[in-house]
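Okay, so here's the structure we're looking at.
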2 protein chains.
Amino acid sequence: MRRLGRELGVEAMSLYNHVPNKEALLNGMVEVLLEELEVPADALEDSWEERVRKAFRAYLQLARAHPNVFPLFTMRPLNTVESLKLFELLREAGFDIVSALRAFRVLSSYTVGYAIAEIRGFALESDISRPGVHGFSEVELLRIFKSPPPLEKADRDAEFEFGLTLILVGLREYKGRRPPRNPPEQA
Amino acid sequence: MRRLGRELGVEAMSLYNHVPNKEALLNGMVEVLLEELEVPADALEDSWEERVRKAFRAYLQLARAHPNVFPLFTMRPLNTVESLKLFELLREAGFDIVSALRAFRVLSSYTVGYAIAEIRGFALESDISRPGVHGFSEVELLRIFKSPPPLEKADRDAEFEFGLTLILVGLREYKGRRPPRNPPEQA
DNA sequence: ACCTGAACACCGTTCAAGT
DNA sequence: ACCTGAACACCGTTCAAGT
């Protein structure tokens with residue numbers, strides 16, 4: 001508050017003329033950012049899986065773009081219009097209500113968790129210079145990760161995508177087991 | 001600090017004789033809790049998938065048991081001995097280094113994300129009495145979720161397990177594609 | 001070796017007083 | 001309608017002084 005006031009060339013207490021309190025201000029920030037998200041339109045060339053991918057990719061990118069606000073995202077339920085649209089997208093793809101909800105939540109959980117991991121630093125990263133919580137020594141780690149470290153920051157996108165694929169493969173498999181309501185629109 | 005001091009019947013500044021600062025204290029709490037985690041031993045009757053399941057289940061339960069500390073878990077890399085053991089478990093299951101790392105991270109991301117969602121409240125929960133970030137009205141939500149709400153808090157475990165299964169199915173599929181180093185030990 | 005009082009540099013927030 | 005000074009009830013942390 002005080003800092004924000006200074007930034008705006010005004011005293012901290014003036015802010016209370018425009019915003020009820022700090023909490024509301026943070027809520028506002030989150031809300032503004034979430035508005036940037038958009039579930040991709042139903043382009044004919046995209047399968048539902050591709051649309052889902054794009055949506056969660058965008059979410060991750062939003063988190064990356066705002067690493068300081070992102071933890072706030074995390075602490076309130078993601079009840080946005082876009083969540084709803086995504087849910088409906090899954091319904092149209094042939095999932096029944098419960099399955100669509102579950103699928104949506106699994107995908108969100110993964111994406112949120114992944115984004116957090118990226119921001120705070122990955123576990124089992126070869127660069128373990130950082131503090132981190134331990135229980136073992138740097139030597140112990142290096143015993144495992146030989147000199148050219150295996151998975152570098154380089155390919156974060158591919159790594160995220162890997163997880164997305166795993167889940168989507170699982171979902172496809174799952175859908176195969178129960179008869180979908182709509183014809184499987186996949187190419 | 002001051003509150004903790006009071007709780008201990010001592011002045012806040014006394015704490016600094018035992019702990020360098022607040023940050024260190026929080027780190028300590030996280031560390032203590034993480035020590036409760038244990039990757040299940042290589043019992044003969046358990047497949048690697050079952051062992052992985054048990055490990056992450058335990059992680060979720062830890063989060064549930066300590067909803068207030070859990071967000072702290074979240075903000076530091078999970079470099080524990082158990083992470084390493086889990087990684088080795090995956091290696092033994094036939095994943096090469098990079099794949100094992102990725103699998104580990106996908107599973108952690110999902111579990112962390114799920115735990116957070118559970119603690120803060122799920123998106124698209126029929127109980128939307130809570131604030132949450134919006135963009136749409138309660139009416140709009142109820143238009144979708146007809147009276148008997150579809151997925152209730154009741155079966156949180158099943159829901160978590162559902163996601164775990166999706167990922168494990170994906171992993172099995174993925175492993176099938178590349179020749180595993182060890183014979184597939186699955187029953 | 002451990003505790004304490006006083007003090008410092010911070011917070012978010014209220015409210016009466018100003019324009 | 002908006003801003004401000006003074007004030008309140010908090011923080012984490014330092015340090016010299018006590019035992």
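First the proteins, then the strands, lettered A, B, ... as listed; each starts at 1.
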| query | With no hydrogens and no angle check, do the side chains of Ser83(B) and Thr80(B) hold a donor and an acceptor under 3.5 Å apart? | reply | yes
| note | B/S/- along nucleotides 4-9 of chain C (protein heavy atoms under 4.0 Å) is BBBB--
| task | Give me the ring orientation class for Tyr114(A) and Phe160(A): parallel if the planes are under 30° apart, tilted from 30 to 60°, perpendicular past 60°. | result | tilted
| request: Kindly compute the distance separating CG (Leu72(A)) from CG (Asn27(A)), expressed to the nearest 0.5 Å. | output: 8.5 Å
| query | Relative to the ring of Phe56(A), is the ring of Phe104(A) parallel (under 30°), tilted (30 to 60°) or perpendicular (over 60°)? | reply | tilted
| query | What integer distance in Å separates Leu8(B):CG from dC2(C):P? | reply | 15 Å
| Hphob cluster co-occupancy, Val10(B) + Met13(B), side-chain heavy atoms under 4.5 angstrom | no
| Would one find a side-chain N or O of His18(A) under 4.0 angstrom from OP1 or OP2 of dA1(D)? | no
| task | Rounded to the nearest angstrom, tell me the gap between atom CZ in Arg3(A) and atom P in dC11(C). | result | 9 Å
| Could you state the CG-C1' distance from Leu4(B) to dC11(D), rounded to the nearest angstrom? | 14 Å
| Taking atom types as modelled and ignoring hydrogens, do the side chains of Asp96(B) and Ser99(B) form a donor-acceptor contact shorter than 3.5 angstrom? | yes
| task | State yes or no: do Phe122(A) and Phe87(B) share one hydrophobic cluster built from I, L, V, M, F, W and Y residues joined by side-chain heavy-atom distances below 4.5 Å, directly or via other members? | result | yes
| message | Counting Watson-Crick and G-U wobble pairs with both distances under 3.5 Å, what is the dot-bracket string for DNA chain D, 5' to 3', using [ ] for crossing pairs and | for pairs to another strand? | response | ||.|||||...|||||.||
| message | Tell me the interatomic distance from Glu23(A), atom CD, to dC11(C), atom P, rounded to whole angstroms. | response | 18 Å
| query | Less than 4.0 Å between a side-chain N and a carboxylate O, is that true for Glu11(B) and Arg2(B)? | reply | no
